[in-house]
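The structure under discussion appears below in the form of structure tokens.
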Amino acid sequence: HEEPEITKKLLDMQLFPQKPHFPKASEIPLVLHECRFDHLNLYWQPENLKRVQHHLEKDWEYSILKATRLKNAINYLSTVEVQKNDVCEMLEKLNRTAIGNNNFIEKGAELTMKELKRIKTGPDKMLWGDVISTLREIGMGPEKVLSKKHVLLKKRVLDKSYYDRINDLQEGSSKFIRMDKHLNMKKDIGEGELSKFYAGKYAQGSL
């Protein structure tokens with residue numbers, strides 16, 4: 001596992017001048033439900049509100065219909081019959097994979113073997129809903145992803161650094177021209193004026 005201080009260290013350009021490879025976290029739980037700005041007064045236009053209302057209601061209707069279809073599909077799966085031998089084979093495979101990846105505690109392995117014995121002495125067919133319930137009871141439900149062995153961030157392949165990317169820019173390319181333009185604008189404005197600009201935005205509550 002990573003040390004708790006790894007996030008702070010990743011922001012230290014001396015320790016990590018290059019970003020190690022890692023997948024992005026899911027954006028789904030990152031929900032900004034409401035925000036306020038103490039020094040900023042907002043004025044609502046009825047026409048704009050009407051359009052927003054329409055857009056949100058259409059999104060809500062689509063999401064409700066999609067959620068209902070998905071729920072119906074999940075409910076249907078629970079009624080499907082599967083062969084006992086196929087279930088036992090799956091459990092044995094999951095058990096081997098989990099232990100091999102060091103993702104499974106000894107207690108979980110014992111529970112799996114116990115369920116295997118119970119299923120082998122049961123009827124030849126089972127409802128998939130019962131199988132899913134069993135998998136969740138032993139900690140191996142469909143939401144359980146058996147990942148590969150974790151590689152520490154400091155030992156992973158690194159991306160190019162900021163300065164490497166700058167040096168790779170082709171002179172005359174659109175990105176090079178845009179970067180050169182921004183650097184010249186920053187030089188013309190000066191650090192003092194930039195500080196005043198951001199201070200003004202902060203006072204308005206927009207930062």
Side-chain angles (χ1 to χ4, degrees), residues 1-67 69-70 97 100-103 142-207:
H1 297 290
E2 300 289 348
E3 55 186 345
E5 297 81 14
I6 188 62
T7 304
K8 185 180 293 185
K9 289 183 177 180
L10 283 171
L11 297 174
D12 189 331
M13 295 297 292
Q14 298 298 323
L15 293 174
F16 285 93
Q18 299 159 273
K19 183 181 81 66
H21 283 191
F22 56 84
K24 292 182 179 179
S26 171
E27 78 285 359
I28 294 174
L30 305 178
V31 180
L32 177 60
H33 179 68
E34 182 180 0
C35 60
R36 299 184 183 185
F37 304 97
D38 294 336
H39 307 293
L40 195 64
N41 294 320
L42 299 175
Y43 298 94
W44 303 97
Q45 293 294 332
E47 287 295 323
N48 293 337
L49 287 175
K50 182 174 178 290
R51 283 194 291 269
V52 172
Q53 182 83 24
H54 173 72
H55 172 74
L56 292 178
E57 288 185 2
K58 292 294 289 184
D59 269 5
W60 177 83
E61 180 182 353
Y62 172 78
S63 299
I64 289 294
L65 290 172
K66 184 176 181 181
R69 291 197 303 268
L70 290 172
T97 304
N101 286 336
N102 299 318
N103 285 328
E143 66 280 353
K144 175 71 174 179
V145 178
L146 299 176
S147 59
K148 296 179 180 179
K149 189 174 181 180
H150 181 73
V151 179
L152 294 175
L153 286 173
K154 60 184 178 183
K155 295 183 178 180
R156 296 187 188 183
V157 176
L158 301 175
D159 283 333
K160 290 183 177 181
S161 69
Y162 169 76
Y163 297 104
D164 289 335
R165 293 178 185 276
I166 294 297
N167 292 331
D168 287 346
L169 288 178
Q170 296 290 327
E171 188 171 352
S173 67
S174 59
K175 288 185 178 180
F176 183 90
I177 294 172
R178 195 159 57 242
M179 179 198 69
D180 192 52
K181 179 182 177 182
H182 288 165
L183 289 176
N184 287 330
M185 285 175 61
K186 187 174 180 181
K187 191 184 299 182
D188 292 340
I189 294 172
E191 292 296 332
E193 291 299 320
L194 277 177
S195 298
K196 288 181 182 178
F197 171 78
Y198 287 117
K201 289 295 182 182
Y202 182 79
Q204 292 177 10
S206 58
L207 288 177

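Nothing here was measured: the structure is a model prediction, and the numbers come from that model. We count residues from 1, following the sequence as given.
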- prompt: If you measure from CZ on Arg51 to CG on Leu56, what distance do you get to the nearest 0.5 Å?
  reply: 13.0 Å
message: Could you go through Trp60 and Ile64, starting from their C-alpha distance and side-chain angles, then the distance that decides it, and tell me whether this counts as side-chain contact (heavy atoms from CB on, under 4.5 Å)?
response: CA-CA 6 Å; Trp60 177 83; Ile64 289 294; 3.6 Å; yes
- request: Compare every heavy atom of Asp159 with every heavy atom of His21, then report the nearest pair and how far apart it is.
  value: NE2-OD1, 2.5 Å
message: Pair Gln170, Phe176 - check side-chain contact (heavy atoms from CB on, under 4.5 Å), show working.
response: CA-CA 6 Å; Gln170 296 290 327; Phe176 183 90; over 6 Å; no
message: If you define the side chain from C-beta out and look only at heavy atoms, does anything of Glu3 sit under 4.5 Å from Lys9?
response: yes
task: Taking atom NZ of Lys175 as the centre, report whether more than 12 heavy atoms of other residues, nucleotides or ligands fall under 6.0 Å from it.
output: no
message: Is any side-chain heavy atom of Pro20 closer than 4.5 Å to one of Leu10?
response: yes
message: How close do Pro17 and Ser161 get, counting heavy atoms only, and between which atoms?
response: O-CB, 3.4 Å
message: Would you compute the distance between atom CG of Asp180 and atom NE2 of His182 and round it to the nearest 0.5 angstrom?
response: 10.5 Å
query: Should Arg156 and Leu153 be marked as a side-chain contact (heavy atoms from CB on, under 4.5 Å) after you check the CA-CA gap, both sets of side-chain angles, and the distance that decides it?
result: CA-CA 5 Å; Arg156 296 187 188 183; Leu153 286 173; 3.6 Å; yes
Pairs involving residues 161-173, ordered by first then second residue, that meet salt bridge (Lys or Arg N to Asp or Glu O under 4.0 Å) (sequence neighbours left out): Lys160-Asp168
query: Just how far is it from atom CD1 of Ile6 to atom NZ of Lys8, taken to the nearest 0.5 Å?
result: 12.0 Å
message: Please determine whether the number of non-hydrogen atoms from other residues, nucleotides or ligands lying under 6.0 Å from atom OH of Tyr162 exceeds 12.
response: no
